Structure formats: C-alpha cells, structure tokens
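These figures come from a predicted structure and were not determined experimentally.
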Amino acid sequence: MGSIKPEVSQEVLPYLIAYKDGTVERLVGTQVTPPGSDPQTGVVSKDVLIVPETGVSVRLYRPIDTPKDKKLPLVVYFHGGAFCIATVGEPLYHNSLNILVANSNVVAVTVDFRNSPEFPLPAAYDDSWAALEWVASHAAGGGPEVWLNENVDFDKVYLAGDSAGANISHHMAIRVGSTRIDGLKFRGILMIQPYFWGEEPIGSEVKDTVRKGMVDIWWRYVCPSDKGCDDPLINPFANGSPCLSGLACDRVIVCVAEKDILRDRGVLYYDALVKSGWGGKVEFEEVEGEDHVFHLFNPTYAF
C-alpha cells in the first residue's frame, strides 16, 4: 500500500501547499541552475556564503572579460517569489541576471535570502541587510571577495528587484536612510512590478475579488501579523510606515504591468513618492498587455 499523504493545513496557490505535520510542498520555484560561465552572454557567476550562522549566500555576476581594477557599477538584486519560493539559482532569475549584467556592463550581487514559512519574515529583510553590510565591507578594497575588491565602483551602487524583491529594495533604501552604512553610495532603485498591498482594495482590486483574495492569502501566510495586509512591511502607507521622503538614493524607476493585480499599488507608490518631498528623481513605466513578472519570460525586454 502507498503511503498516506499528510492532511493539508493551507493551500497558498500557486506557490505551495502546507501540511499539518509541518512539511511544505513547493509547487514552483524549486529548480536550480548552478553558477558558472555563460558563453551566450559572456558573463561568469559564482556563489559565496556570506553568513555561515544562517547559511545566507549571494550569487555574484560579472562580465568574463572584465580586466583587473576595471571599476563597474554594482547592482544588488533581490529576487521575487512572494517571500516563499525561488532562490538565486532559479533558472529564470539566473538567465535574467546574465542578460542584465551583459547589457548593462555591471557587477551584480543577488541575495539568496531565506524563505517563509521555514524562516518567517522579517528574515528575508534581515538577510538582505546582512548582504548590504557584506558588500560594504569591500568598499575600502580589503573585503573577502576579490571580484568586489577589484571590479566595483562603490560610488555607483543600485538596488533592484521584482515583486517581493522590489518590496525589499524599498525597505533597504528606507533603512539606509536611517541607519548609516559606510562606503556605499546608493544611486537608484529599479522597482519591477513591486509587491505592495493593503487591506482595503483599490483600483482593479475592487472588482477582481478572486485575485485580491489570493494575494491576501499570500501575505498573511508569510507574515502572520495582527495587522494583516496593512503591516508596514507590505503596505508602505499604513500606520507606522516610514515616510517615503527618507529613501536613501537619487533616483527611482517604478515599472508596472497593465494586467498585473499589483499594478495599482505600484501606481500609488509612484504618486506618493512624487508628492512626498523626496529630493530625487522618480520615473514611471507601464508595459501594456503584460502580467506579473513577464520580464522573466522575456528577459531581453529593456525597462
């Protein structure tokens, strides 16, 4: 006789199924591509363990032919996955980062933060901050990773991310604004279809109750807070949220997709940042006819 499958505790579709015995079955985002040389883009990558106590690592990318002491801008990228799936080795992200590095001629660091529910929030934010501190340890040229020491211009650091990763990039920039991190000059943030949310529906969420309810479930699962979807981690306009004027960078680009249920939250963020008194330059781009994280399936799309 076959084994009896454990009883379901909660379905967090399309991402995972949680069982009452504490196990989690991830339905997507489980594939892993190893780092290495990519002949199609001319980019090389490697994984580096940065926090042995927690197992947090980063994946580094740079153009293969980068000469020693050639200084390039640095992009710190945070992947998406609703805080519960995917890693830096997810094939779609690995391919996308290879193309980004090749087309932009930058060095990139992608952060393999820990996922919920095994590591509930704010673990992902803590891991991402630890990664920024690790990057900053190289600013004087004596850090543990030679690629950063030799090839990064620490006066040109950019944060970027899609979905949950864009949410993380916002919180990292806010934290930099209130907590000094020496050696890094943050020039901008690329926020791709940012994952922000709220209890009260806005825009298309009012009529699209099915997808509104789905996203509600996602957030309440990874962040079991008594504030629900108005927790400041997911709603930057909820009570207790830091003022957007505190973003520690010079430029922000907010990109949304027309058919994305998260679209209106991105628009709200852009509008609020324009009116916040923040001193930088903010730009907005909407891609018509596309849905959430379409860029992963079309990584040559230029934002």
Could I get the full list of salt bridge (Lys or Arg N to Asp or Glu O under 4.0 Å) partners for E25, not counting sequence neighbours?
K5

Non-neighbouring partners of A173 that pass side chain to side chain contact (heavy atoms under 4.5 Å, CB included), sequence neighbours left out
L159, I189, L247

Output all residues satisfying salt bridge (Lys or Arg N to Asp or Glu O under 4.0 Å) with E283, sequence neighbours left out; order by chain, then residue number.
R251, K281

So how far is it from C223 SG to I234 CD1, rounded to the nearest 0.5 Å?
8.5 Å

Side-chain touch L72/P63, heavy atoms, less than 4.5 angstrom:
yes

Determine whether V88 and I99 fall in the same hydrophobic cluster, where Ile, Leu, Val, Met, Phe, Trp and Tyr are linked whenever their side-chain heavy atoms lie under 4.5 Å apart.
no

So, does W219 use its side chain to make a donor-acceptor pair with the main chain of G228 at under 3.5 Å?
yes

Just by distance, with hydrogens left out, do S163 and H292 show a side-chain donor and acceptor under 3.5 Å apart?
yes

Residues which pass salt bridge (Lys or Arg N to Asp or Glu O under 4.0 Å) with R211, listed by chain and number, not counting sequence neighbours:
D208, D291

Can you name the residues that form a side chain to side chain contact (heavy atoms under 4.5 Å, CB included) with N149, not counting sequence neighbours?
H138

For the pair T87 and Y93, evaluate side chain to side chain contact (heavy atoms under 4.5 Å, CB included) and give the outcome as yes or no after the intermediate values.
CA-CA 8 Å; T87 68; Y93 281 110; over 6 Å; no

Identify, with sequence neighbours excluded, every residue that meets side chain to side chain contact (heavy atoms under 4.5 Å, CB included) alongside I202.
E205, D264, R265, L268

Among all residues two or more places apart in sequence or in another chain, which pass the side chain to side chain contact (heavy atoms under 4.5 Å, CB included) test with K20?
E7, S9

Residues two or more places apart in sequence or in another chain: which of them pass salt bridge (Lys or Arg N to Asp or Glu O under 4.0 Å) with D155?
none

Applying ring-ring contact (aromatic ring centres under 6.0 Å, His included), which residue pairs with at least one partner in residues 9-28 are found, sequence neighbours left out?
Y15-W218

Which atom pairs, donor and acceptor, lie under 3.5 Å between side-chain atoms of residues 236-245 and protein residues at least two apart or in another chain?
{"from": "S241", "atom 1": "OG", "to": "N235", "atom 2": "O", "distance (Å)": "2.9"}
{"from": "S241", "atom 1": "OG", "to": "A238", "atom 2": "N", "distance (Å)": "3.4"}
{"from": "S241", "atom 1": "OG", "to": "A238", "atom 2": "O", "distance (Å)": "3.0"}

Keeping to residues at least two apart or across chains, list the side-chain hydrogen bond (donor to acceptor under 3.5 Å, both in side chains) pairs with something in residues 54-68.
D47-R59, R59-H94, Y61-H94, R62-N151

Taking the hydrophobic residues Ile, Leu, Val, Met, Phe, Trp and Tyr, and joining any pair whose side-chain heavy atoms are under 4.5 Å apart, which ones share a cluster with F119?
none

